[in-house]
Amino acid sequence: MTSTSAGLVGRPLVQKYGGTSVSTPARIRKVAQRVAASRRHRGGVVVVVSAMGDTTDRLHSLAHQVSRRPAEREMDTLLSAGETVTAPLLAMALDDLGVAALSLSGAQAGIRTSHSHTRAHILDVVPTRVIAELKAGRTVVVAGFQGVNEALDTTTLGRGGSDTTAVALAAALEARECEINTDVKGIYTADPRIVSRARLLAGISYDEMIELAALGAQVMHPRAVEIAELYDLPVRVRGSFDDGPGTLITRSPRMEQKKRVRGIAAEEKVAKLTLIGVPDQPGIAASIFTPLSEAGISVDVIIQNVSRDGVTDLSFTVASGDLAQAETIVGRVSKKIRAAGVASDAKVAKVSIVGTGMLGQPGIAARMFKALADAGINIEMISTSEIRITCIVARDRVAEAVRALHKAYQLDQA
Ligand code: ASP
Ligand code: MG
């Protein structure tokens with residue numbers, strides 16, 4: 001990313017406010033007050049905003065009411081309109097408080113992206129205008145989620161993309177910190193709606209946050225965390241209308257280092273597919289998973305059983321939304337490779353323990369399995385990464401599983 005904040009009095013602060021935080025005019029005025037209070041910041045403040053409330057969903061639905069297959073280029077121009085509305089509204093509210101402010105579109109802020117409409121990637125950030133305005137003492141409000149491609153067409157960054165705008169802009173500006181202001185106070189040891197004793201974490205590592213974000217802790221977009229890690233940019237997740245310090249995401253959080261398991265994540269929108277009686281020979285896995293990947297379906301936990309009499313069962317999970325399409329594809333493959341059949345279970349869920357501290361720690365997995373067993377919860381599949389262990393369980397037992405694991409790892413204690 002092209003970057004130079006040289007010439008600024010200090011390093012700027014980037015603050016992002018999510019859709020719920022700007023869902024009404026009253027909330028936008030409240031956000032303006034928060035931004036005004038942050039202006040003590042020597043390097044100035046850059047604010048990135050999402051669309052108001054569920055605006056993006058509504059724009060999406062409008063498109064599908066006028067067209068059966070909306071063109072992606074037009075879809076991007078349409079969807080970007082949500083953020084295009086919020087940014088000037090916040091700038092006006094700031095102006096009212098006597099704060100010199102101006103709004104910029106993604107293009108004006110120098111967010112340059114790939115061509116791929118509705119899921120563009122940021123290629124470069126050229127924040128010349130942002131820097132000039134900061135130097136002139138103005139607070140800059142940038143429309144999140146949108147950028148511009150080489151053809152000067154508006155692009156969007158995929159759902160939740162305002163986080164990515166904020167982090168990429170912060171990296172390019174060499175910001176001191178990127179704040180993600182949202183409707184929760186930070187990152188918890190588990191979803192507080194499931195576990196009443198869940199604790200707010202003071203610090204967490206990028207890798208842990210990427211696992212938690214990908215596993216359904218809906219607080220921050222995983223791609224945004226990856227960019228932050230790449231540039232070693234500290235990210236703070238905090239409540240938009242809360243004065244607490246929230247959770248600081250860095251490379252190696254000093255706090256709570258002893259904790260081997262940092263948090264428990266659950267994801268309910270999971271389905272399981274099993275190919276029964278698959279001939280055990282080379283090339284079979286490839287013939288199953290290649291057409292799935294070509295259809296853009298990502299396969300998650302995979303288990304192949306030990307074969308008996310030359311046939312084996314092969315199970316894997318997909319996102320619930322992909323189940324119908326995956327069933328069709330796998331049904332076709334099953335006939336081709338002469339498998340015995342396909343079975344599916346739409347009612348499973350994932351529960352995971354995450355923590356960099358579990359690297360090379362024996363006994364961590366055993367404790368997970370024992371806690372689930374003691375709760376009478378059957379583990380259907382298991383998968384692991386270096387810093388995560390995931391079990392597939394029945395969906396109606398997942399909340400119980402989260403509570404049992406939170407207790408087993410004593411996450412309610414600091
Ligand atoms: N407004 C977009 C969405 O709803 C982007 C965002 O809020 O981050 O996905
Ligand atoms: Mg979001």
Side-chain angles (χ1 to χ4, degrees), residues 14-25 27-28 31 34-35 46-64 70 72-91 103-109 111 113-114 116-122 125 141-149 154-171 178-184 187 209-210 212-214 216-228 233 235-241 249 269 319 321:
V14 174
Q15 297 188 318
K16 181 249 173 180
Y17 289 90
T20 318
S21 312
V22 292
S23 59
T24 63
R27 285 188 179 184
I28 291 177
V31 166
R34 279 274 291 224
V35 174
V46 176
V47 188
V48 174
V49 287
S50 285
M52 295 173 69
D54 62 357
T55 300
T56 310
D57 289 331
R58 281 191 291 113
L59 293 171
H60 219 276
S61 133
L62 270 178
H64 288 281
E72 287 193 325
R73 179 187 179 279
E74 304 310 327
M75 199 61 161
D76 266 355
T77 306
L78 179 71
L79 292 185
S80 68
E83 275 72 8
T84 303
V85 167
T86 319
L89 287 175
L90 180 58
S103 65
L104 294 178
S105 67
Q108 288 172 314
I111 309 290
T113 76
S114 63
S116 38
H117 281 293
T118 75
R119 51 184 169 276
H121 281 260
I122 296 179
V125 179
V141 185
V142 177
F145 179 53
Q146 52 174 263
V148 65
N149 67 20
T154 300
T155 51
T156 62
L157 306 174
R159 299 308 303 267
S162 294
D163 290 343
T164 310
T165 304
V167 170
L169 201 51
C178 179
E179 276 182 13
I180 302 290
N181 291 274
T182 179
D183 46 2
V184 293
I187 310 299
M209 189 61 216
I210 288 167
L212 288 172
Q218 308 288 329
V219 182
M220 216 188 141
H221 200 288
R223 185 144 50 104
V225 190
E226 282 168 10
I227 297 174
L233 171 79
V235 175
R236 188 182 297 279
V237 176
R238 60 192 305 198
S240 292
F241 305 116
I249 313 171
K269 292 183 186 133

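Side-chain atoms are counted along with the backbone in the values below, which use heavy atoms only and exclude waters and symmetry mates. Both counts, for ligands and for their atoms, begin at 1 and track the order of listing. Just so we're clear, the structure is a prediction, and the values are computed from it rather than from any experiment.
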When you compare the side chain of His117 with that of Asn149, does any pair of heavy atoms fall below 4.5 Å? yes
Minimum heavy-atom distance between Val49 and Ser162, given as atom pair plus value: O-OG, 3.8 Å
Please say whether Asp163 places an N or O atom under 3.5 Å from an N or O atom belonging to ligand 1. no
Is the contact between His221 and ligand 1 made by the side chain, the backbone, both, or neither, using heavy atoms and a 4.0 Å cut-off? neither
Is there at least one pair of N or O atoms, one from Phe145 and one from ligand 1, spaced under 3.5 Å apart? no
Any Gly161 heavy atom less than 4.0 Å from ligand 1: yes
Whether the Thr154 and Asp76 side chains hold a donor-acceptor pair (N or O, under 3.5 Å, no angle test) is what I'd like checked. no
Any Gly82 heavy atom less than 4.0 Å from ligand 1: no
At less than 4.0 angstrom from any non-hydrogen atom of Arg159, what atoms of ligand 1 do you find? 3 (C), 4 (O), 9 (O)
Identified side-chain contact (heavy atoms from CB on, under 4.5 Å) partner of Val35 from the options Val47, Asn181, Val141: Val47
Shortest non-hydrogen pair, Pro70 vs Met75, comes out as CB-SD, 4.1 Å
For ligand 1, which atoms have a heavy atom of Ser50 less than 4.0 angstrom away? 6 (C), 7 (O), 8 (O)
Is there side-chain contact between Arg223 and His121, with at least one heavy-atom pair below 4.5 Å? yes
